[in-house]
> 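Handing you this structure, nothing more for now.
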Amino acid sequence: MTRHGKNCTAGAVYTYHEKKKDTAASGYGTQSVRLGKDAIKDFDCCCLSLQPCRDPVVTPDGYLYEREAILEYILHQKTEIAKKMKAYEKQKKALRSEGQLESGSGEREKIEKFKNKESSIVSKPINPFITGQSKDSASSPSGSVSSLTSSSSASASTESTSSSSLPSFWIPSLTPEAKPTLLKKPSKTVMCPMSGRSLKMSELIAVRFTPLDCSLDRVALLTRQDRYVCAVTKDTLGNSVPCAVLRPSGSVVTLECVEKLIRKDMIDPMTGDKLKEKDIIVLQRGGTGFAGSGVGLCAKEARPVMQA
């Protein structure tokens, strides 16, 4: 579509470009943007600090971290879990005490009901041929008046109890209160910030990158775009080259080297140790900005949508 075709607003059809333009300007609707190469971290950068690693470690899922950053994250998560567990235990103790108070009040109510029933027992002999109403009317000439007054007092008492039980927004003592939300028992497992799986300090594997030029210091090495090579084939590593970490030695090699050389005898070429399938950890890498890199580079932002 040409420039004039995009800016044309006199058409009878609401075009897709106009819809996207209005969506971006209005602040409503979900937007999706494809990220470029500048928005993606390099393969040798930490997933937390996004900086090149000095002492890199990798998880069994292949996510690279700076040792200091991931250990600080694990300690922070453990302190947060301890705080949540303490709050949960406090809530549990308060609920247990409330249950004990409710059980005690129930016992008191039973005792009061029993006392009222005991006090209402009549020890006088009752004539079975005279009903209660006729007996009351015969014994008292003003039985009807007393029955009316008792009924009116009973209705007044029920009205007063019902009015006192109803909450009121105008009287502070009768204002309904919102109960605090109950806390769930927190999990004691520390989760990986990238994969969401359980993470332990003992599972972290030290990674040893092979520099392109051993004579360069760290500052000069970081200023170069191509910094590291494969430990076996000496091929240059980057986001466009799939890599893997060998668990026994921590060396970083290309997946092409793994498929063509290492999987034949399953021996670590750096240490000579026997390898298992779980000892070959595929290193998670960023994209290259191209559609065929195999990495999802589409960022989505979910925003409210106006419906007609």
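These numbers come from a predicted model, not from an experiment.
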> In chain order, what residues pass the side-chain hydrogen bond (donor to acceptor under 3.5 Å, both in side chains) check against K260, with sequence neighbours excluded?
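For K260 the side-chain hydrogen bond (donor to acceptor under 3.5 Å, both in side chains) partners, ignoring immediate neighbours, are E256.
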> Any side-chain donor-acceptor pair under 3.5 Å between D226 and T236?
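Their side chains do not contain a donor-acceptor pair, so the 3.5 Å distance test is not met.
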> Y228 and side-chain contact (heavy atoms from CB on, under 4.5 Å): which single residue from D44, L212, V252 fits?
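Considering D44, L212, V252, a side-chain contact (heavy atoms from CB on, under 4.5 Å) with Y228 is found only for D44.
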> Is the side chain of D268 donor-acceptor paired with the backbone N or O of S251 at a distance under 3.5 Å, no angle test?
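No; zero donor-acceptor contacts below 3.5 Å.
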> Donor-acceptor pair, K274 side chain versus D265 backbone, under 3.5 Å?
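Answer holds: yes.
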> Before you tell me yes or no, could you show the steps for R67 and E72 under salt bridge (charged side-chain N to carboxylate O under 4.0 Å, His left out), namely the whole-Å CA-CA distance, both residues' side-chain angles and the distance that decides it to 0.1 Å?
CA-CA 8 Å; R67 186 184 293 272; E72 184 178 355; over 6 Å; no
> Is M270 reachable from F209 through a run of hydrophobic residues whose side-chain heavy atoms are each under 4.5 Å from the next?
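F209 and M270: separate clusters.
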> Using the rule given for side chain to side chain contact (heavy atoms under 4.5 Å, CB included), can you reason through L64 versus L283, listing the C-alpha separation, both sets of side-chain angles and the distance that settles it, and then say yes or no?
CA-CA 7 Å; L64 194 72; L283 193 63; 4.3 Å; yes
> Flag yes if more than 12 heavy atoms outside Q284 fall under 6.0 Å of its CD atom; otherwise flag no.
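Yes, enclosed.
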> How would you list, by chain and number, every residue that makes a side-chain hydrogen bond (donor to acceptor under 3.5 Å, both in side chains) with R197, sequence neighbours excluded?
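Only D61 meet the side-chain hydrogen bond (donor to acceptor under 3.5 Å, both in side chains) criterion with R197.
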> Within the distance-only criterion (no hydrogens, no angle test), does the side chain of Q51 pair as donor or acceptor with the backbone N or O of C45 below 3.5 angstrom?
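Checked: no pair found.
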> Is there a continuous path of hydrophobic side-chain contacts, each under 4.5 Å between heavy atoms, that joins I74 to Y63?
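Per the 4.5 Å side-chain linkage, I74 and Y63 are co-clustered.
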> Compare all side-chain heavy atoms of L275 with those of I267 and state whether any distance is below 4.5 angstrom.
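No, too far: nothing below the 4.5 Å cut-off.
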> Could you report the tightest heavy-atom contact between P248 and T271, atom names first, then the distance?
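The pair with the smallest heavy-atom distance is CB-OG1, 4.1 Å.
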> Can you check whether I205 reaches I281 side chain to side chain, under 4.5 Å on heavy atoms?
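They are in side-chain contact.
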> Answer with yes or no whether the hydrophobic clustering places V58 together with M194; edges join I, L, V, M, F, W, Y residues whose side-chain heavy atoms lie under 4.5 Å apart.
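As far as the 4.5 Å side-chain criterion goes, M194 and V58 are not connected within one cluster.
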> Where the side chain of Q77 meets the backbone of M191, is there a donor-acceptor pair that is under 3.5 Å apart?
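The answer is no, because no donor-acceptor pair under 3.5 Å joins these two groups.
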> So how far is it from K41 NZ to C46 SG, rounded to the nearest 0.5 Å?
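Spacing of NZ (K41) from SG (C46) equals 8.0 Å.
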> Decide, yes or no, whether a salt bridge links E259 with K264 under the criterion of side-chain N to carboxylate O below 4.0 Å.
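Judged by the 4.0 Å cut-off on N to carboxylate O distance, E259 and K264 do not form a salt bridge.
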> Is Y65 linked to M201 within one hydrophobic cluster, defined over Ile, Leu, Val, Met, Phe, Trp and Tyr using a side-chain heavy-atom separation of less than 4.5 Å?
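Yes; tracing contacts between hydrophobic side chains, which count when under 4.5 Å, links both residues.
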> Is it true that, when you exclude Y16 itself, more than 12 heavy atoms of the residues, nucleotides or ligands shown sit nearer than 6.0 Å to its OH?
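Incorrect, the count does not exceed 12.
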> Q91 side chain to L183 main-chain N or O, any donor-acceptor pair under 3.5 Å?
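Answer holds: yes.
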> Determine whether a donor-acceptor pair (N or O, by modelled atom type, separation under 3.5 Å) exists between the side chain of S195 and the backbone of C192.
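No; judged by distance alone, with no hydrogens or angles, the pair does not exist.
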> How about I81 and K84: do any of their side-chain heavy atoms sit closer than 4.5 Å?
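Result no, sub-4.5 Å side-chain heavy-atom pair not found.
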> Is L50 reachable from I70 through a run of hydrophobic residues whose side-chain heavy atoms are each under 4.5 Å from the next?
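I70 and L50: separate clusters.
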